[in-house]
Protein chains: 2
Amino acid sequence: MTVDTRWLDSKQKAAWVRLAAVLELLPAALDSQLRRDAQLTHFDYFVLAMLSEAPGRTLRMTALAEHTTATLARLSHVVQRLETRGLLERFPCPEDKRATNARLTDDGWAKVREAAPGHVATVRENVIDALTPEQVTQLAGIADAILHRLDPERARAAVYERYDLNHSEDGPTGRR
Amino acid sequence: MTVDTRWLDSKQKAAWVRLAAVLELLPAALDSQLRRDAQLTHFDYFVLAMLSEAPGRTLRMTALAEHTTATLARLSHVVQRLETRGLLERFPCPEDKRATNARLTDDGWAKVREAAPGHVATVRENVIDALTPEQVTQLAGIADAILHRLDPERARAAVYERYDLNHSEDGPTGRR
DNA sequence: CGTCATTGGTTGTTGCGACAACCATTGCAC
DNA sequence: GTGCAATGGTTGTCGCAACAACCAATGACG
């Protein structure tokens with residue numbers, strides 16, 4: 001095969017090794033906190049959070065799949081479980097009989113607001129509060145650059161702006 | 001519960017949302033490349049890589065588990081599969097009859113050297129080459145800070161130095 | 001108004017990770 | 001040297017994600 005591999009120099013390797021470790025440990029930490037405190041996967045939480053910000057707390061399955069970076073098949077299974085638990089409900093879309101809408105129930109809305117503080121605290125503890133303000137800014141730039149390689153379409157789509165952690169007492173978002 | 005939640009400001013949220021997306025997409029990208037080109041999970045690769053650098057290409061299961069940030073149970077399953085495929089072999093440790101050693105076979109050694117170039121290329125493509133040299137340095141600092149929160153013990157142990165991507169033609173590591 | 005490709009979604013199967021139960025060996029206490 | 005806790009590892013079961021097969025509705029084209 002290719003014999004002219006460009007290996008990583010020591011600085012690059014140091015960065016990569018540490019990132020790889022974070023990739024292994026951070027998702028596990030987030031998942032276990034949400035599981036323990038809210039009986040929710042991080043992905044479950046993400047799904048509920050996206051719905052909570054949508055107009056009418058309702059989204060088409062396809063749209064929800066895009067927001068959550070998931071395949072439709074995966075989303076279908078997850079939504080099925082969440083529906084069984086009464087956190088959301090599905091109903092056929094009036095405009096397009098092929099389509100299905102998912103809507104957050106009142107219980108689901110309560111669940112999101114209940115789970116948000118603990119989740120934010122975990123994010124702070126393990127990420128944000130571990131960094132200086134400059135590093136937070138740097139991280140945004142770095143992650144953005146990586147995203148443009150991983151998924152150019154979505155990265156440009158500014159979908160990421162919507163992942164809103166500010167579930168305050170009076171509403172789903174901090175912007176008014 | 002706690003009513004005084006410290007929510008994320010917009011800069012912090014921007015950083016977190018993008019990091020969350022990377023956490024979702026990057027492991028999938030790494031896994032699928034290695035699966036496609038070498039029939040290996042990223043974790044499988046990691047296991048083989050650690051063994052390839054160990055003296056005698058051999059490690060105790062417990063030691064291997066520490067190097068790979070895995071539980072013993074998980075490692076046991078993975079090693080079982082790799083043993084079936086002939087990439088490594090297990091044998092009882094002479095000094096301690098409770099213990100089991102795992103040793104890389106010649107086939108396993110060949111597999112690691114065959115898989116390394118493609119893996120490094122993927123890492124470059126999606127991470128390193130997406131960043132400026134300054135960002136690479138920043139990333140190392142950021143990831144290190146996060147690691148100290150996630151796993152203080154291991155972060156200090158400099159185990160991460162050992163994740164060596166430089167599998168050149170004449171040996172397992174770049175240091176001589 | 002048929003047929004054919006596309007879109008939207010669900011379901012079955014498979015493989016892996018987490019957790020818990022379990023067995024064997026070792027080391028220590030007395 | 002017997003009891004017992006700690007260490008080292010394996011196995012079984014459960015839950016979830018990926019993949020593929022499938023069905024239903026839509027729309028474009030003739």
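The sequence lines fix the lettering, A, B, ..., with proteins before strands; numbering per chain opens at 1. This one's a predicted model, so the numbers in the text were calculated from it and none came from an experiment.
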Give the table of side-chain donor-acceptor pairs shorter than 3.5 Å for residues 70-78 of chain A, with sequence neighbours excluded, one pair per line with atom names and distance.
unit_1, atom_1, unit_2, atom_2, d
Thr71(A), OG1, Arg74(A), N, 3.1
Arg74(A), NH1, Glu24(B), OE2, 3.1

| said: Tell me the bend of the helix from dC1(C)-dG30(D) to dC30(C)-dG1(D) as the angle between end helix axes, each from five pairs, rounded to the nearest 10 degrees. | reply: 10°
| request: Please list all pairs passing the salt bridge (Lys or Arg N to Asp or Glu O under 4.0 Å) test where one or both residues lie in residues 122-133 of chain B, with sequence neighbours left out. | output: Arg6(A)-Asp129(B), Arg124(B)-Asp129(B)
| query | To the nearest Å, how far apart are Leu64(B) CG and dG8(D) P? | reply | 14 Å
| note | Value for CG (Leu30(A)) from CZ (Arg35(A)), rounded to nearest 0.5 Å, stands at 12.5 Å
| message | Checking the side chain of Glu66(A) only, and the main-chain atoms of Ala63(A) only, is there a donor and an acceptor separated by less than 3.5 Å? | response | no
| request: Kindly state which residues belonging to residues 84-99 of chain B come within less than 4.0 angstrom of DNA chain C, counting heavy atoms of the residue only, listed by number. | output: Asp96(B), Lys97(B), Arg98(B)
| task | Nearest 0.5 Å please: distance from the CG atom of Leu26(A) over to the CG atom of Leu19(B). | result | 6.0 Å
| Got a sec, which residues hit side chain to side chain contact (heavy atoms under 4.5 Å, CB included) with Ala38(A), two or more places apart in sequence or on another chain? | Leu40(A), Ala115(A)
| task | Not counting sequence neighbours, which residues clear side chain to side chain donor-acceptor pair (under 3.5 Å) with Asp37(B)? List them please. | result | Gln33(B)
| query | Relative to each other, are the rings of His42(B) and Tyr45(B) parallel, tilted or perpendicular (30° and 60° limits)? | reply | parallel
| Exam field: side chain Thr122(A) to backbone Gly118(A), donor-acceptor pair closer than 3.5 Å | yes
| For the side chain of Thr84(A) and the backbone of Gln80(A), is there at least one donor-acceptor N/O pair under 3.5 Å apart? | yes
| field | 5'-most by nearest nucleotide on DNA chain D - Asp44(A) or Met61(B) | value | Met61(B)
| task | Can you measure from NE2 (His119(B)) to OG1 (Thr5(A)) and round to the nearest 0.5 angstrom? | result | 12.5 Å
| remark: Quick note, salt bridge (Lys or Arg N to Asp or Glu O under 4.0 Å) partners involving residues 81-91 of chain A, not counting sequence neighbours, are Glu83(A)-Arg90(A), Glu89(A)-Arg103(A)
| note | For Thr137(A), the side chain to side chain contact (heavy atoms under 4.5 Å, CB included) test, sequence neighbours excluded, returns Lys11(B)
| Between Glu53(A) (side chain) and Met50(A) (backbone), is there a donor-acceptor pair under 3.5 Å? | no
| Nucleotide interval of DNA chain C bounded by contacts with chain A (heavy-atom cut-off, under 4.0 Å) | dT7(C) to dG12(C)
| field | Close approaches to DNA chain D from residues 74-81 of chain B, in residue order (heavy atom, under 4.0 Å) | value | Ser76(B), His77(B), Gln80(B)
| field | Non-neighbouring partners of Asp107(A) that pass side chain to side chain donor-acceptor pair (under 3.5 Å), sequence neighbours left out | value | none
| note | Expected list for residues 28-39 of chain B near DNA chain C, using heavy atoms below 4.0 Å, is none
